[in-house]
**Student:** 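Mind looking over this structure? Questions follow.
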Amino acid sequence: MAQIIDGRAVAAYVKGKAAEQVKTLNEKGIEVCLAVILVGNDPASTVYVANKRKDCDQLGIVSKEYALPEETTMEELLSLIDTLNKDSAVNGILCQLPLPRHLDETKVLEAISPLKDVDAFHPENVGRIMMGKYDFLPCTPAGIMEMLDYYKIDTNGKDCVVIGRSNIVGKPMAMLMLHSNATVTICHSRTKNLAEVCRRADILISAVGRAGFVTSDMIKPGAVVIDVGINRGEDGKLCGDVDYAAAEKVASMITPVPGGVGPMTRAMLMCNTVTAAKKQHGI
Ligand code: NAD
């Protein structure tokens, strides 16, 4: 049976360290503040924003929420971002995605100051990640790297397969594994012989968004399996991309869903906010 990679435990550890840093900053008279913008009433986004508020409260980070109506215009949204960019009391700015369809996501992400871009979606930060010289990393890939580190999973020279090539998960994930000396393959919807490619992986990371997508025949015996997917199974329960019951018999280590990557994503947002505050105060 595979060892469970306990995302909740690692997230608690990471958040504990972030809370200590917040306390140290507070002692210097510096408050740490995250501004979260939510446009519209998407139910999942509303839950995510509420969770971010809870995490901020837990760590002593000031959270400011801007809930804007669905019909908000680009001008209004960009004007708010501009105000927050200029507000020295705000350290991190996050615009919850997805945005309503009439809003230009790229323009919105580019409007957030790279210094306050705690999601690391600004092209300047994306470029820095490519170069391996970054202040912020996107929260989900960063959280996965933290988990690998916590469990002392060696990435050097390992074959890593990432399924998914999104800007949020797949691409930055592959880049981080490359920086940590893995030999990386990125798979996507047009990849041929997917199962065969995945079976080469010492570390298999799935970010597809389809329940039961990764079956046990795609996993090399002894591989480390990281499941990023968040889906509803046929039973209505939350699940990942990986057929967990079958995979845990083949893998050496595996992240569960829930309780794996998700808590780490939340924790890394807090870390990025603390990093932003420190940078802005020259610490
Ligand atoms: P996305 O839809 O942008 O990307 C999905 C990727 O899967 C695409 O790059 C696509 O090429 C690939 N794909 C689709 N069908 C495939 C196939 N048949 N074979 C191989 N590849 C295929 O999604 P995303 O934003 O990257 O998110 C992926 C999943 O991760 C979703 O379930 C999302 O909810 C979840 N997610 C979880 C967290 C977390 O914190 N746990 C964070 C972000 C995303």
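Here the structure is a predicted model, which is why all the values come from computation and not from measurement. Atoms within a ligand are numbered from 1 in the order they appear, just like the ligands themselves.
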**Student:** Nearest protein heavy atom to atom 35 (C) of ligand 1, by residue and atom, and its distance?
**Tutor:**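 Looking only at protein heavy atoms, the one closest to atom 35 (C) of ligand 1 is Val228 O, 3.4 Å.
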**Student:** Would you kindly specify which portion of Arg210 sits under 4.0 Å from ligand 1, judged on non-hydrogen atoms: side chain, backbone, both or neither?
**Tutor:**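 For Arg210, the contact with ligand 1 is made by the side chain alone.
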**Student:** Could you tell me the separation between the CG atom of Asp119 and the CG atom of Leu97, rounded to the nearest 0.5 Å?
**Tutor:**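 Rounded to the nearest 0.5 Å, the CG-CG separation comes to 7.0 Å.
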**Student:** When you check the side-chain N and O atoms of Gln21 and Thr24, is any donor under 3.5 Å from an acceptor?
**Tutor:**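 Side-chain D/A pair, Gln21 to Thr24: absent.
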**Student:** I need the nearest protein heavy-atom contact for atom 16 (C) of ligand 1: residue, atom name and distance, please.
**Tutor:**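 Checking every protein heavy atom, the shortest distance to atom 16 (C) of ligand 1 gives Ser189 CA, 3.6 Å.
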**Student:** What distance do Phe121 atom CZ and Glu110 atom CD have between them, rounded to the nearest 0.5 Å?
**Tutor:**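 If I round to the nearest 0.5 Å, the distance is 13.5 Å.
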**Student:** To the nearest 0.1 Å, how far is atom 9 (O) of ligand 1 from its closest protein heavy atom, and which atom is that?
**Tutor:**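 The protein heavy atom lying closest is Arg165 N, 2.8 Å.
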**Student:** So which heavy atom in the protein is nearest atom 31 (C) of ligand 1, and how far is it from that ligand atom?
**Tutor:**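 Checked against all protein heavy atoms, atom 31 (C) of ligand 1 sits closest to Gly209 CA, 3.7 Å.
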**Student:** Relative to ligand 1, is Val257 under 4.0 angstrom through side chain, backbone, both or neither, heavy atoms considered?
**Tutor:**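 Contact part for Val257 vs ligand 1: neither.
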**Student:** Does CD in Glu105 sit with more than 12 non-hydrogen atoms of other residues, nucleotides or ligands closer than 6.0 Å?
**Tutor:**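 Result for CD/Glu105: enclosed.
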**Student:** Would you indicate whether Glu234, at its atom CD, is surrounded by more than 12 heavy atoms from other residues, nucleotides or ligands within a distance under 6.0 Å?
**Tutor:**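 Counting neighbours around CD of Glu234, 12 or fewer heavy atoms of other residues, nucleotides or ligands fall under 6.0 Å, so no.
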**Student:** Quick one: look at Thr265 and ligand 1, take heavy-atom pairs under 4.0 Å, and tell me if it's side chain, backbone, both or neither.
**Tutor:**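 The answer is the side chain of Thr265.
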**Student:** To the nearest 0.5 Å, tell me how far Thr273 OG1 sits from Met268 CE.
**Tutor:**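 One finds 10.5 Å between OG1 of Thr273 and CE of Met268.
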**Student:** Check if Gly170 has a non-hydrogen atom at a distance under 4.0 Å from any atom of ligand 1.
**Tutor:**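 Per 4.0 Å heavy-atom rule, Gly170 does not contact ligand 1.
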**Student:** What are the atoms of ligand 1, with element, lying closer than 4.0 Å to any heavy atom of Asn231?
**Tutor:**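 Counting from 1, the qualifying ligand atoms are 32 (O).
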**Student:** What distance separates Ile219 CD1 from Ser252 OG, expressed to the nearest 0.5 Å?
**Tutor:**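 That separation rounds to 10.5 Å.
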**Student:** Is the closest side-chain donor-acceptor distance between Lys116 and Gln280 under 3.5 Å?
**Tutor:**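 Judged by distance alone, the side chains do not pair up.
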**Student:** Give a yes-or-no answer on whether the side chains of Asp241 and Asn231 include a donor-acceptor pair shorter than 3.5 Å.
**Tutor:**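 A pair is found: one side chain offers a donor N or O, the other an acceptor, under 3.5 Å apart.
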**Student:** Distance check, rounded to the nearest 0.5 Å: Glu70 atom CD versus Asp42 atom CG?
**Tutor:**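 These two atoms lie 8.5 Å from each other.
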**Student:** Does Asp117 offer a backbone N or O that forms a donor-acceptor pair with the side chain of His122 under 3.5 Å?
**Tutor:**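 No; zero donor-acceptor contacts below 3.5 Å.
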**Student:** For ligand 1, which part of Thr140 has a heavy atom less than 4.0 Å away: the side chain, the backbone, both, or neither?
**Tutor:**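 Side chain only.
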**Student:** Among all protein heavy atoms, pick out the one at the shortest distance from atom 21 (N) of ligand 1; state its residue, atom name and that distance to 0.1 Å.
**Tutor:**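 Ranking protein heavy atoms by distance from atom 21 (N) of ligand 1, first comes His188 C, 3.1 Å.
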**Student:** Would you tell me which option among Ser166, Cys139, Gly262 has the nearest heavy-atom contact to atom 26 (O) of ligand 1?
**Tutor:**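 Answer by nearest heavy atom: Ser166.
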**Student:** Should you measure from each heavy atom of Ile163, which atoms of ligand 1 turn up under 4.0 Å away?
**Tutor:**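 Reading through ligand 1 atom by atom, the close ones are 20 (C), 21 (N).
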**Student:** Let me confirm one number: the CG-NE2 distance from Asn91 to His281, rounded to the nearest 0.5 Å.
**Tutor:**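 Answer for the CG-NE2 pair, Asn91 versus His281, is 6.5 Å.
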**Student:** Mark up the atoms of ligand 1 that fall under 4.0 Å of a heavy atom belonging to Ala207, in ascending order.
**Tutor:**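 Answer, ordered by atom number: 5 (C), 6 (C), 7 (O), 28 (C).
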**Student:** What protein heavy atom sits nearest atom 33 (C) of ligand 1, and how far off is it?
**Tutor:**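 For atom 33 (C) of ligand 1, the nearest protein heavy atom is Ile230 N, 4.2 Å.
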**Student:** Out of Ile226, Val169, Val197, indicate the one that has the non-hydrogen atom closest to atom 43 (C) of ligand 1.
**Tutor:**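 Closest candidate by heavy-atom distance is Val169.
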**Student:** Identify the protein heavy atom lying closest to atom 17 (C) of ligand 1, giving its residue, its atom name and the separation to 0.1 Å.
**Tutor:**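 The closest heavy atom on the protein side is Phe213 CZ, 3.4 Å.
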**Student:** Have a look at Cys239, Gly164, Pro138 and point out the one with the heavy atom closest to atom 12 (C) of ligand 1.
**Tutor:**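 Comparing heavy atoms across Cys239, Gly164, Pro138, the nearest one to atom 12 (C) of ligand 1 lies in Gly164.
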**Student:** Taking both backbone and side-chain atoms of Asp241, is any N or O found less than 3.5 Å from an N or O belonging to ligand 1?
**Tutor:**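 It does not: no N or O of Asp241 is found under 3.5 Å from an N or O of ligand 1.
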**Student:** Return the closest protein heavy atom for atom 2 (O) of ligand 1 as residue, atom name and distance.
**Tutor:**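 The answer is Val208 O, 4.4 Å.
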